[in-house]
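Here's the structure, in structure tokens; my notes come after.
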Amino acid sequence: MKFLIAEQNIGDDATKEQAEKLIELLKEKGWDVEYGIGRNVATDVSEFGQEDKIQEAFADDFMLCISQLEK
């Protein structure tokens with residue numbers, strides 16, 4: 001799946017630099033992430049019907065990476 005991340009996904013006072021760092025951290029974990037606003041979409045046939053499961057796994061890594069930004 002392709003995920004889009006921007007400042008508003010992180011928090012009210014987040015910066016573009018923080019969003020870019022978060023994207024970098026998520027890419028290191030193997031996620032297909034880009035800067036932007038939009039809907040997360042399945043990009044491979046094997047992902048169809050698995051969107052909820054993939055998004056839950058992404059949310060776990062997202063929160064882990066957010067906590068790394070705060071350090």
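Index from 1, following the sequence.
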Separation between NZ of Lys29 and CG of Leu64, rounded to the nearest 0.5 Å: 5.0 Å
Side-chain heavy atoms nearer than 4.5 Å, only ILVMFWY residues, links allowed to pass through others: does that put Leu26 and Ile66 together? yes
Tell me whether Val41 shares a hydrophobic cluster with Leu4, the cluster being built from Ile, Leu, Val, Met, Phe, Trp, Tyr side chains joined at under 4.5 Å. no
Would you compute the distance between atom CE of Met63 and atom CD of Gln68 and round it to the nearest 0.5 angstrom? 12.0 Å
Would you please test Met1 and Asp44 for side chain to side chain contact (heavy atoms under 4.5 Å, CB included) and show each step? CA-CA 7 Å; Met1 285 189 79; Asp44 188 85; over 6 Å; no
So which heavy atom on Ala6 is nearest to which on Ala19, and how close? C-CB, 4.0 Å
Apply side-chain contact (heavy atoms from CB on, under 4.5 Å) to Glu28 and list each qualifying residue two or more places apart in sequence or on a separate chain. Glu24, Leu25
Can Lys2 and Asn40 be said to form a side chain to side chain contact (heavy atoms under 4.5 Å, CB included), step by step? CA-CA 6 Å; Lys2 169 145 332 261; Asn40 303 325; over 6 Å; no
So, the side chain of Glu20 versus the backbone of Gln18: is there a donor-acceptor pair under 3.5 Å, distance only? no
Tell me whether Asp61 contacts the main-chain N or O of Phe58 through its side chain, where contact means a donor paired with an acceptor under 3.5 Å. no
Closest non-hydrogen contact found for Ala14 with Ile10 is CB-CB, 3.7 Å
d(Lys16 NZ, Ile23 CD1) to nearest 0.5 Å is 9.0 Å
Which distance, rounded to the nearest 0.5 Å, do you find between the SG of Cys65 and the CG of Leu22? 6.0 Å
Classify the ring geometry of Phe3 against Trp31: parallel below 30°, tilted from 30° to 60°, perpendicular beyond 60°. perpendicular
